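A quick write-up on the structure given underneath.
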2 protein chains.
Amino acid sequence: MQNAKRSFVRQAADKRQQALIKSTLHLIATGGPEAATVRTISEHAGVTQGLIRHYFSSKDELFIAAYECHMTQMTDATSAVATTDHDNAVAHLKAFIISALTPPVVDTEAMAIWAGFIHMVQRDKNMRAIHEKTYYRFRDELQALISAAWAEAGNAKSSADERRAAIACNALLDGLWLEGGALPESFEVNELPNVGLNSIGAILNIDFSNLELSE
Amino acid sequence: MQNAKRSFVRQAADKRQQALIKSTLHLIATGGPEAATVRTISEHAGVTQGLIRHYFSSKDELFIAAYECHMTQMTDATSAVATTDHDNAVAHLKAFIISALTPPVVDTEAMAIWAGFIHMVQRDKNMRAIHEKTYYRFRDELQALISAAWAEAGNAKSSADERRAAIACNALLDGLWLEGGALPESFEVNELPNVGLNSIGAILNIDFSNLELSE
DNA sequence: GACTTTGTTATACGTATGTATAATTATATT
DNA sequence: AATATAATTATACATACGTATAACAAAGTC
């Protein structure tokens with residue numbers, strides 16, 4: 001029987017939306033996109049499935065919101081470190097690199113979530129816009145740090161050079177991020193940030209080794 | 001009515017399996033993994049859906065076969081260039097890099113296929129084995145080329161240095177491959193291989209610029 | 001305390017999916 | 001030409017999915 005309706009507490013729209021988004025990301029991370037159905041999402045969020053359509057006009061819209069949340073979270077996690085005070089521009093850049101190559105940014109589940117959205121990014125206009133926005137924001141920030149580091153060393157270069165350097169360094173970070181997420185057990189502790197610092201140091205002709213850095 | 005059975009021609013097991021695998025990859029590339037159902041796959045391959053279960057014990061097994069096909073194809077496409085004759089080790093390495101950063105290796109659909117399999121790779125043992133095998137094969141080949149190029153320049157280094165260099169160069173190639181696939185229109189013609197050669201040149205302390213290369 | 005609003009649940013609907021199995025037909029063998 | 005083999009089609013089945021809609025209940029307002 002159990003004709004009695006389940007008891008529940010009302011919550012603010014923000015909270016509920018956030019809970020649904022977090023559940024979506026968690027399910028995609030652990031079981032892939034096809035594991036994130038309206039039923040599993042709502043169950044994980046502790047609500048019934050009808051509520052999803054109350055906050056999002058469709059499942060696609062929920063996925064778009066989840067994607068934006070995830071991407072913003074990842075880029076912000078790296079930027080946050082870079083916004084704290086640093087003695088100089090090179091230290092600033094070094095902190096940025098290390099942050100991009102250590103958890104929680106480098107993470108199996110974060111990578112799986114990112115990959116799970118790719119096919120939507122290629123098809124959905126809104127997803128594409130989010131992707132471009134977060135990608136360019138990250139790369140532009142990296143380019144600004146490179147520019148400042150070069151200027152500090154009395155070695156300022158053209159913006160075209162800066163652009164190429166930013167593309168290269170960004171690719172290196174992405175590649176290491178990818179491999180660290182895909183095969184986490186095949187890299188030693190601190191190997192990723194070390195490789196990243198050495199390689200970017202070589203590309204930019206900057207030496208990061210003699211800088212003390214607060215862990 | 002159309003009670004008449006469709007006419008058909010028998011084909012060798014290899015052909016049919018290959019056709020089903022190709023259809024699977026095509027559908028994943030263009031519509032994501034959830035677009036590759038047993039019905040769409042069989043329709044695209046010009047057969048009826050029952051045939052899939054005749055050649056593969058389950059859809060998962062077909063996906064595993066498709067993943068192995070795709071990954072092998074991609075790494076082979078890069079290696080093939082590197083096995084042709086070259087004047088010296090540096091030219092050899094240069095050809096390898098360019099091949100890895102131009103079509104058909106750099107390709108939106110190839111990247112989408114790769115991403116579409118990620119969540120299976122993290123869960124299925126067989127998928128994981130394929131992933132590791134192709135990854136290490138590619139990286140080991142790159143490391144061998146780096147080793148030869150260094151030796152040729154009279155600058156031989158330890159295998160630990162070679163390993164770190166291979167990880168870095170591989171990451172750079174992967175990152176550029178990723179971004180070229182994800183945002184193809186945001187890079188100028190030849191920008192990816194140029195950035196790749198300059199960056200790897202800086203990392204390895206090798207100059208690729210004064211080498212004529214047959215397009 | 002009655003009333004309104006809307007957050008939330010419950011249920012239903014049509015369709016798509018992976019799998020299983022039986023029926024058929026093309027090809028090889030003799 | 002008859003027969004056997006297995007490649008291929010056809011059909012059925014249980015389940016899962018996204019969506020739509022109606023019923024209910026919690027909290028605010030007067």
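Quick caveat: nothing in here was measured; it's all calculated off a predicted structure. In what follows, chains carry the letters A, B, and so on, assigned in the order in which the sequence lines appear, proteins first and then strands, with residues in each chain numbered from 1. Because only heavy atoms are used, hydrogens play no part in the values below, and waters and symmetry mates are left out as well, while side chains stay in.
B/Y67 contributes atom OH, which lies 6.0 Å from atom CD1 of B/I118 (distance to the nearest 0.5 angstrom).
Considering only the side chain of B/K59, C/dG18 comes nearest among C/dG18, D/dA27, C/dG7. Of the candidate nucleotides C/dA12, C/dT19, C/dA26, C/dA12 has the atom lying nearest to any side-chain atom of A/Q49. For B/R10, taking side-chain heavy atoms from C-beta onward, the closest of the listed nucleotides D/dA26, D/dT8, D/dT19 is D/dT8.
Going from atom CD of A/E61 over to atom P of D/dG18 covers 15 Å, rounded to whole Å. Between B/I52 atom CD1 and D/dT8 atom P there is a gap of 13 Å when expressed in whole angstrom units. As rounded to whole Å, 12 Å separates atom P of D/dT8 from atom CZ of B/F56. To the nearest angstrom, P of D/dC17 lies 16 Å from CZ of A/R53. Whole-Å rounding puts the B/L51 CG to D/dT11 P distance at 17 Å. Atom C1' of nucleotide C/dG7 and atom CD of A/Q18 are separated by 18 Å, given to the nearest angstrom. The distance between atom NE2 of B/H54 and atom P of D/dA6, rounded to the nearest whole Å, is 9 Å. Following rounding to the nearest Å, B/R16 (CZ) and C/dT27 (P) show an atom-to-atom distance of 11 Å.
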Donor-acceptor contacts under 3.5 Å from residues 97-109 of chain B side chains, at least two apart:
from: B/S99; atom 1: OG; to: B/A77; atom 2: O; distance (Å): 3.4
from: B/T102; atom 1: OG1; to: B/I98; atom 2: O; distance (Å): 2.8
from: B/D107; atom 1: OD2; to: B/E109; atom 2: N; distance (Å): 3.1
from: B/D107; atom 1: OD2; to: B/A110; atom 2: N; distance (Å): 2.9
from: B/T108; atom 1: OG1; to: B/G181; atom 2: O; distance (Å): 3.2

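Each of A/F8 and B/A12 was matched to the nucleotide of DNA chain D holding its nearest heavy atom; the match closer to the 5' end belongs to B/A12. The residue among B/V9 and B/S58 whose nearest nucleotide of DNA chain C lies closer to the 5′ end is B/S58.
In summary, B/R164 and B/D161 engage in a salt bridge, as defined by a charged side-chain N under 4.0 Å from a carboxylate O. Taking 4.0 Å as the cut-off between side-chain N and carboxylate O, B/R139 and B/E132 do not count as a salt-bridged pair. Electrostatic pairing of B/E185 and A/R128 counts as a salt bridge here, judged by a charged N lying under 4.0 Å from a carboxylate O.
Using a 4.0 Å cut-off on heavy atoms, the residues of residues 27-44 of chain B that approach DNA chain C are B/T37, B/V38, B/R39, listed by number.
Between B/F117 and B/F63, the two ring planes are perpendicular [angle over 60°; tilted spans 30° to 60°].
Heavy atoms of B/Q11 sit under 4.0 angstrom from primed sugar atoms or phosphate atoms, though from no base atom.
By the ring-ring contact (aromatic ring centres under 6.0 Å, His included) test, B/H54 pairs with no residue at all, sequence neighbours left out.
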